[in-house]
Amino acid sequence: MTEASPRKLRDAFGTFMTGVTVVTGFASDGQPIGFTANSFTSVSLDPPLLLISMAKSSRNYTAITQGVGFAVNILSEAQEAISNCFARPVEDRFAEVDWKAGPNGSPILADVAAWFDCSVHNVVDAGDHTLMIGRVEAFDNAGLNGLGYVRGNYIKPSLESEAIDTMAMDGGVRIGAVLEHDGQVLLEENSDGSIALPSILLNRAQRDGSHAQLLASAYSATLTVGFVYSVYEDGRHGMHNIIYLCNSVDGQHNKGKFVPVSEIPFDRVSDTASRDVLIRFAQEHSIGNYGIYFGNELSGDVRRLDLGQ
């Protein structure tokens, strides 16, 4: 590999959509430990086995790999804040959440989509990581949608359904975008000096068409349209807004200006809902400076997550 290859490899791995979990256990002094991770996968039904991947540089590495068990908590789509808490270097993460000891003894978080309390079945060396294979001793499934993650941002499945419902409504529909390129987002300046997200107003005939094509045409851009990032109604104008997360392939455009995420002037954003969308994106982008993409811990003590250096 060349020196630049590991970063490119992380970015490539990051295109694979995953769920978001919090892996929990106990340190040798009896204190609960946990970290956000997207490195979870099922392995076997008989016997019931699952797998997580641990970075050897993690401060939780010894406690998890030398412990007798651990739990995997699959976060629901309403638990983005918990993911952020366990992804950042917080003094006492467990003070921020409700939890209890599971049947096999590991910490179980409240209101998760599902949880698995495991004993350690096997520990496998894997380069700069270790694969932890757990045997499921107890589990529960709450029937909630899980929180997703791709390209450094969260996915909330219910937003897709809301977007479909919005399309069927009478009244105006506006398609907007958090359009990113190389750590920057495209913003437009209004005549009054305020700024707004790139957007287009759809007529009814366009609602079943390609939103990617419409956005690309309006901004003379080569872009990829990802998942629905936000859905809301503008109460003042009765406008239904659907915001997509988009990526500009080459950074070319005919309207607006790309602004570094760290320099977004939130006080100039034209409406509260758009400001909230940009604040959320900036927060998720900042987490992206800590963890790693390819199946590991998202916390600040390891390498870059784009949600891992």
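Taking each heavy atom of G69 and V120 in turn, the nearest pair found is N-CG2, 3.8 Å. Here the closest heavy-atom approach between residue G102 and residue I108 is recorded as CA-CG1, 3.6 Å. When all heavy atoms of N141 and A114 are compared, the closest pair comes out as CA-CB, 4.1 Å. Scanning all heavy atoms of the two residues, the minimum distance from C246 to A177 falls at SG-CB, 3.7 Å. The shortest non-hydrogen separation linking S53 to H129 is OG-CD2, 3.5 Å. Shortest non-hydrogen contact noted between A27 and A63 is CA-CB, 4.1 Å.
Atom CG of L187 is separated from atom CG of L278 by 6.0 Å, given to the nearest 0.5 angstrom. Within the model, atoms OG of S199 and CG of N241 stand 7.5 Å from one another, a figure rounded to the nearest 0.5 Å. Atom-to-atom distance recorded for D111:CG and D98:CG is 7.5 Å, nearest 0.5 angstrom. N60 CG to I33 CD1: the interatomic distance, rounded to the nearest 0.5 Å, is 4.5 Å. The distance from the CG atom of L50 to the CZ atom of R135 is 11.5 Å, given to the nearest 0.5 Å. The CG atom of N73 sits 12.0 Å away from the OG atom of S83 when rounded to the nearest 0.5 Å.
In terms of hydrophobic clustering, with Ile, Leu, Val, Met, Phe, Trp and Tyr side chains grouped at heavy-atom distances under 4.5 Å, Y61 and V68 are assigned to different clusters. Following chains of ILVMFWY side-chain contacts shorter than 4.5 Å, one cannot reach I82 starting from L144, and the two form parts of different hydrophobic clusters. Grouping the Ile, Leu, Val, Met, Phe, Trp and Tyr side chains by contacts below 4.5 angstrom, directly or via other members, places V259 with I195.
In this structure, the side chain of Q79 engages the main chain of S76 through a donor-acceptor pair within 3.5 Å. Of the possible polar contacts, one joining the R93 side chain to the G34 backbone as a donor-acceptor pair under 3.5 Å is found. Between the side chain of D117 and the backbone N or O of N104 there is at least one donor-acceptor pair closer than 3.5 Å. Under a 3.5 Å cut-off, the side chain of R174 and the backbone N or O of I200 do not form any donor-acceptor pair. Remark: the backbone N or O of A87 is paired with a side-chain donor or acceptor of T36 at under 3.5 angstrom. Using modelled atom types, no side-chain atom of S194 and backbone atom of N190 make a donor-acceptor pair closer than 3.5 Å. Between the side chain of H240 and the main chain of V173, no donor-acceptor pair closer than 3.5 Å is present.
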Take I243 and V228 through the test side-chain contact (heavy atoms from CB on, under 4.5 Å) and record every step on the way to the result. CA-CA 6 Å; I243 308 299; V228 175; over 6 Å; no

Would you check, one step at a time, whether the test side-chain contact (heavy atoms from CB on, under 4.5 Å) holds for V123 with M132? CA-CA 5 Å; V123 180; M132 296 289 299; 3.8 Å; yes

Determine whether V22 and F35 satisfy the following criterion, side-chain contact (heavy atoms from CB on, under 4.5 Å), listing intermediate values before the conclusion. CA-CA 5 Å; V22 171; F35 55 89; over 6 Å; no

One pair to check against side-chain contact (heavy atoms from CB on, under 4.5 Å): T130 and K56. What are the steps and the verdict? CA-CA 7 Å; T130 291; K56 292 178 179 178; 3.6 Å; yes

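For CG of D125, the number of neighbouring non-hydrogen atoms (other residues, nucleotides, ligands) closer than 6.0 Å is greater than 12. Other residues, nucleotides and ligands contribute over 12 non-hydrogen atoms within 6.0 Å of the CG atom of N122. More than 12 heavy-atom neighbours from other residues, nucleotides or ligands sit within 6.0 angstrom of NZ on K255. For F139, the CZ atom is loosely surrounded, since the number of other residues' heavy atoms within 6.0 Å does not exceed 12.
Taking the side chain as every heavy atom from C-beta outward, F266 and I279 approach each other to under 4.5 Å. Using a 4.5 Å cut-off on side-chain heavy atoms (C-beta onward), V178 and V277 make contact. Residues F70 and I52 form a side-chain contact, since some pair of their non-hydrogen atoms from C-beta on lies under 4.5 Å apart. Looking at heavy atoms from C-beta onward, V261 lies in side-chain contact with V185 at the 4.5 angstrom threshold. Using a 4.5 Å cut-off on side-chain heavy atoms (C-beta onward), S248 and E180 make no contact.
Among residues at least two apart or in separate chains, ring-ring contact (aromatic ring centres under 6.0 Å, His included) pairs with a member in residues 101-120 are F40-F116. Applying the salt bridge (charged side-chain N to carboxylate O under 4.0 Å, His left out) test to pairs two or more places apart or on separate chains, those with a residue in residues 185-198 are E189-R268.
A cation-pi arrangement, defined by a distance under 6.0 Å to the six-membered ring centre and an angle within 45 degrees of its axis, is present between R280 and Y229.
Under the rule for a side-chain contact (heavy atoms from CB on, under 4.5 Å), the partners of F94 that lie at least two apart in sequence or sit in another chain are T24, P32, F86, D92, V97, W99, P107, L109. Listed by chain and number, the residues in a side-chain contact (heavy atoms from CB on, under 4.5 Å) with S28 amount to none (sequence neighbours excluded). E137 meets the salt bridge (charged side-chain N to carboxylate O under 4.0 Å, His left out) test with no other residue; sequence neighbours excluded.
Residues V43, L49, L51, V124, I133 make up the rest of the hydrophobic cluster containing L131, defined by ILVMFWY side-chain heavy atoms closer than 4.5 Å, directly or through other members.
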